[in-house]
There are 2 protein chains.
Amino acid sequence: METQLLEVFRTVAHLGSITAAARHLRFTQSAVSRQIAALEAEVGTRLLDRLPRGIALTEQGRALLPHADAVLDRLSAARRAVDELDRLDAGRLRVGAFATAVAALVPRALAAFRAAHPAVALSLVEGMTPALLDRLTAGDADVAVVSSAPSGPLDDSRFDLHHLLDEHLLLAVAADHPLAGRRTVRLAELAGESFIAGSPHAERTLLGDSVAAGFRPRIDIVAGEWTGKLGCVAAGLGVALIPVLAARGTPPDIALLRLHPDDEPVRRVYAATVAGRSRPPAVTRFLAHLDQAAAAFTTPL
Amino acid sequence: METQLLEVFRTVAHLGSITAAARHLRFTQSAVSRQIAALEAEVGTRLLDRLPRGIALTEQGRALLPHADAVLDRLSAARRAVDELDRLDAGRLRVGAFATAVAALVPRALAAFRAAHPAVALSLVEGMTPALLDRLTAGDADVAVVSSAPSGPLDDSRFDLHHLLDEHLLLAVAADHPLAGRRTVRLAELAGESFIAGSPHAERTLLGDSVAAGFRPRIDIVAGEWTGKLGCVAAGLGVALIPVLAARGTPPDIALLRLHPDDEPVRRVYAATVAGRSRPPAVTRFLAHLDQAAAAFTTPL
DNA sequence: GGATGTCATGCGCTACTAGCATGGCTGCGT
DNA sequence: ACGCAGCCATGCTAGTAGCGCATGACATCC
């Protein structure tokens, strides 16, 4: 029972005439007549009584009509559903992101996205890069904002990596620190400084890469949150490295210096999607907003 | 969006593979591949991600799938509905019949019909022949059991008349009446009898036709119901004509005589349906039961 | 690294279906 | 009362859509 036959049948039933239905559907009368005949042959019964003036539904025709209506209505609903998805008038977007990205980059992109496509349901999960990638492959997230270092290159061929930005590291020092007036600084100059880091083991901190190059920071204070680190820095307890992405709204008692390019560990930030799978429209669109948000973090310094 | 495409799409989605779906649907892989491509072209989006091992639904595919399921399910429901109607596993039968037919003929036919097709909803309306025919044309009844005389020939070309029987008239006399032992009687012999009839005007009674032939019955008692008439007859108040159809379960104090064929007014009983319209399956089947029931009223005398 | 699975696609053929024309039928209007 | 106009069915023809048979590209598994 092809839908066109049902469409024709519905029109004929509604207009009460094969000829009228043919005109309405831009067919010839013969075509419609034959389509009705085909439908009747398929269901094995007469659906219409041919009267001298038009047609009338038989019992079976009356039984079929509401089903035909329902089928055709659902069909257009199906089309609408897919179209809405394409036009981002519906659907969802499940984003995963690592902690620092949730500080500003991802929220800004999400805000811009929601302003443009308010009908799309958003969700955001913070997590570590490996966990985020697991979510991706499990189908629990549509896109994950992840970073490459220090956990090693994540060029796993199972993911499409859309490069967003290279995250620069800033050195936070107290506003009255001798280095506070400088624009850039070299690691070597910091040999005597006390570092406030996320882990007592230098290898697991933002300086992990530099350790291999021979630089061993002195870590006296361990703090997990950026706000805590900055508080220690402001109090003159030491210096800290913070990624640009986390350096939003730095208080005035803190000065931020850029590291010399040669000393800077490379932390590449990507938006990852599952390789081989086509990106849902919401993801494609969201990537553009991510790009825009990322641009705001690469130019200012 | 033709239903075959949806069927193919559903199978592919369910089996996770175009090749598997092709096997399942008895198509070649190329055919299925092309049908999916056609569906995708029609909705304007990719519905499947082609993976090295089978396929996976895209966001749009996931959105379409439940609709496809619903459409196909409804489609088979439609087919079932029509089939049930044809097999008399559903539907309704609305019968109209004149008063005497409701006494026994129609109830017996209905009972037999219901025994054979319990799923069909039955309804029965009693009425006069013209009103019944109006119900038919108005579409409020499916079949009407009507009688031709005395209201004149009803060969209106708007109806298909299925002849059921010629209703014979019986003369009811008291068991101790002089005529009680006879098998047949002529009208001329009844000139002196007192008639119990439905109307004081002989023209409007069952003898209406005979009036034209010169027979004028003496009507002393008017009774509308057959039971009332028979009561009067049994009490020796007179004689009465009753149609065979109403002579069911006659009490023992009544004797029934047949009129001489030449004196008998012809009352032809038909099952009428609207001309030009195909008969619903229930009606066709019911006519057979009516024929059977009618046979029981023609043979016994 | 060959073998085997996946899906896409060019090619030829068939079969469906649309249009055109005609014919039969019925009811309307003159 | 009779022709006419409208309705639907159908024989015929042409275009095309869709199938199967190949083959090709690609990735995985043994």
Side-chain angles (χ1 to χ4, degrees), chain A residues 1-42 45-58 61 137 155-160 274-278, chain B residues 1-43 45-58 60-61 137 155-160 274-278:
Chain A
M1 240 192 286
E2 292 305 303
T3 57
Q4 182 175 347
L5 296 187
L6 293 180
E7 176 72 39
V8 166
F9 171 68
R10 172 161 80 166
T11 308
V12 169
H14 188 250
L15 297 180
S17 151
I18 291 184
T19 303
R23 270 196 301 269
H24 189 261
L25 295 169
R26 308 293 193 155
F27 280 128
T28 57
Q29 174 267 324
S30 84
V32 174
S33 172
R34 258 187 264 265
Q35 299 214 30
I36 293 293
L39 187 58
E40 286 177 332
E42 192 176 351
T45 326
R46 271 291 163 108
L47 296 171
L48 305 178
D49 278 332
R50 278 69 169 177
L51 307 180
R53 223 71 184 169
I55 58 91
L57 291 180
T58 65
T137 47
D155 210 336
D156 199 349
S157 65
R158 299 177 305 159
F159 303 103
D160 280 338
V274 182
R277 276 175 179 71
S278 71
Chain B
M1 239 191 287
E2 292 304 304
T3 56
Q4 182 175 346
L5 297 186
L6 293 180
E7 175 72 39
V8 166
F9 171 68
R10 170 162 80 166
T11 307
V12 169
H14 188 251
L15 297 179
S17 151
I18 289 183
T19 303
R23 269 196 301 270
H24 189 262
L25 295 169
R26 309 294 193 154
F27 280 128
T28 56
Q29 174 267 326
S30 83
V32 174
S33 171
R34 259 187 267 264
Q35 300 212 30
I36 294 294
L39 186 59
E40 287 178 332
E42 191 176 351
V43 300
T45 325
R46 271 291 164 109
L47 296 171
L48 305 178
D49 278 332
R50 277 70 170 175
L51 307 179
R53 221 70 184 170
I55 57 91
L57 291 179
T58 64
Q60 293 87 342
T137 47
D155 211 335
D156 199 349
S157 64
R158 299 177 306 159
F159 301 103
D160 280 339
V274 182
R277 275 174 179 72
S278 72

Worksheet item: From Arg277(A) CZ over to Leu57(B) CG, what is the distance, rounded to the nearest 0.5 angstrom?
Response: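 Between atom CZ of Arg277(A) and atom CG of Leu57(B) there are 10.0 Å.
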
Worksheet entry | Value rounded to 0.5 Å, distance of CG in Leu48(A) from OG1 in Thr58(A) |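 Nearest 0.5 Å value for the CG-OG1 distance: 7.0 Å.
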
Specify the separation, in whole Å, of atom [atom1] of [X] and atom [atom2] of [N].
| X | N | atom1 | atom2 | result |
| --- | --- | --- | --- | --- |
| Ile36(B) | dT6(C) | CD1 | P | 15 Å |
| Leu15(B) | dG5(C) | CG | P | 17 Å |
| Arg46(B) | dC7(C) | CZ | C1' | 10 Å |
| Leu39(B) | dA8(C) | CG | P | 13 Å |
| Glu40(A) | dC8(D) | CD | P | 12 Å |
| Arg50(A) | dT26(C) | CZ | P | 15 Å |
| Asp49(B) | dA8(C) | CG | C1' | 15 Å |
| Ile18(B) | dC26(D) | CD1 | P | 17 Å |

Worksheet item: Taking the side chain as C-beta and beyond, is there a heavy-atom pair between Glu2(B) and Leu39(B) under 4.5 Å?
Response: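 No - every pair of side-chain heavy atoms lies 4.5 Å or more apart.
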
Fill in: Student check: side-chain heavy atoms of Leu6(B) and Arg10(B) closer than 4.5 Å
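Leu6(B) does not reach Arg10(B) side chain to side chain.
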
Discussion item. Taking the minimum atom-to-atom distance to the side chain of Ile55(A), which one of dT26(C), dA27(D), dC8(D) wins?
Written reply: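 The answer is dC8(D), which lies nearest to the side chain.
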
Worksheet item: If every non-hydrogen atom of Leu47(B) is compared with every non-hydrogen atom of Glu40(B), which pair is closest and at what distance?
Response: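 For Leu47(B) and Glu40(B), the tightest heavy-atom pair comes out as N-OE2, 2.8 Å.
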
Worksheet item: What string of B, S and - do you get for nucleotides 12-21 of chain C, 5' to 3', if B is base contact, S is sugar-phosphate-only contact and - is no contact with any protein heavy atom under 4.0 Å?
Response: ------SBBB

For residues 17-35 of chain A, tabulate all N or O donor-acceptor pairs below 3.5 Å that involve a side-chain atom, not counting sequence neighbours.
unit_1	atom_1	unit_2	atom_2	d
Ser17(A)	OG	Thr19(A)	N	3.2
Ser17(A)	OG	Ala20(A)	N	2.9
Thr28(A)	OG1	Ala31(A)	N	3.4

Discussion item. Tell me if a side-chain donor or acceptor on Asp49(A) pairs with a main-chain N or O of Ala56(A) at a distance below 3.5 Å.
Written reply: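 No.
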
Practice prompt. Kindly calculate the angle separating the two end axes of the helix from dG1(C)-dC30(D) to dT30(C)-dA1(D), each obtained from five base pairs, and round it to 10 degrees.
Written response: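 Here the local axes at opposite ends form an angle of 20°.
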
